[in-house]
Amino acid sequence: GAVVSQHPSRVICKSGTSVKIECRSLDFQATTMFWYRQFPKQSLMLMATSNEGSKATYEQGVEKDKFLINHASLTLSTLTVTSAHPEDSSFYICSASLLAVEQFFGPGTRLTVL
Amino acid sequence: AQSVTQPDIHITVSEGASLELRCNYSYGATPYLFWYVQSPGQGLQLLLKYFSGDTLVQGIKGFEAEFKRSQSSFNLRKPSVHWSDAAEYFCAVGVENTDKLIFGTGTRLQVFP
């Protein structure tokens, strides 16, 4: 149980385009979903926290207009990277919380912006 | 503020040897503590967690960790390492009154045959 999926697993796009990444909790309803960014050989950096039906809470330094998060249901959250640039290339990981504190992680999405 | 420190960036062990990965946290009350493992290009898999109770926690894949309040530590151990254990290991602490986690910088484990 407690499986989280992400789609796509890899995406390559041109600079200036927008990319949407989906995060789904497959066998449970998540009270909260989280989006992380991970640079090569570094730790996870929390970007934002989202709850179903409400606006996401962004961490300091994360541009909310660039990284749009929509949490449409208890099993689906999406991250849209708008007007992507090469510096947005990274590994994006989502997680979902079933109970307070404990998080279950998706397999990640590798974004490459050319 | 809460924080997590993993002092060892990179550890190399021989297959079959014992392993201990260090994790120190900064938190006033009893923390929620986690160890995750990440294989290259993959998400994080939970190895074990500590919320309360018995300070020696058993996890998956033969891993265990011991919560030591006096040392503010939550070190991960395995008596005999397998080549498949080569990966990045992250210690994390739950942020008080939120659902957030703070991650350590990670320890990369390399296993030699």
Query - Linked, directly or transitively: Met33(A) and Leu76(A) (ILVMFWY side chains, under 4.5 Å) - result: no
Query raised in the report: Take atom CZ in Arg10(A); do more than 12 heavy atoms of anything else shown fall under 6.0 Å from it?
Result: no
Report task. Only counting residues at least two apart or in another chain, list the ones meeting salt bridge (charged side-chain N to carboxylate O under 4.0 Å, His left out) with Arg37(A). Result -> none
Query - Cluster overlap Phe63(B) with Val4(B), hydrophobic side-chain contacts below 4.5 Å - result: yes
Requested in this report: For Tyr36(A), enumerate each residue passing the ring pair (Phe, Tyr, Trp, His ring centres under 6.0 Å) test, keeping only those at least two apart in sequence or located in another chain.
Outcome: Phe105(A), Phe103(B)
Query raised in the report: If you check every heavy atom in residues 38-50 of chain B against those of chain A, which residues fall under 4.5 Å?
Result: Gln38(B), Gly41(B), Gln42(B), Gly43(B), Leu44(B), Leu46(B), Lys49(B)
Query raised in the report: If contact means a heavy atom pair closer than 4.5 Å, which residues of residues 38-61 of chain A contact chain B?
Result: Gln38(A), Gln42(A), Ser43(A), Leu44(A), Leu46(A), Thr49(A), Glu59(A)
**Report entry** Same cluster (ILVMFWY, side-chain, under 4.5 Å), Leu19(B) and Leu76(B)
**Finding:** yes
Report task. Could you tell me which non-hydrogen atom of Gln103(A) sits nearest to which non-hydrogen atom of Leu101(B), and how far apart they are? Result -> NE2-CG, 3.5 Å
Requested in this report: Following the transitive rule for hydrophobic clusters with a side-chain heavy-atom cut-off under 4.5 Å over Ile, Leu, Val, Met, Phe, Trp and Tyr, establish whether Val113(A) and Ile93(A) coincide in one cluster.
Outcome: no
Query raised in the report: Is atom NE2 of His82(B) surrounded by more than 12 heavy atoms (other residues, nucleotides or ligands) closer than 6.0 Å?
Result: yes
Query raised in the report: Between CZ of Phe51(B) and CD of Glu102(A), what distance do you get to the nearest 0.5 Å?
Result: 5.0 Å
Query - Heavy atoms from other residues, nucleotides or ligands near CD1 of Ile60(B) exceed 12 (cutoff 6.0 Å) - result: yes
**Report entry** hydrophobic_cluster_shared for Val62(A) and Leu68(A), side chain cutoff 4.5 Å
**Finding:** no
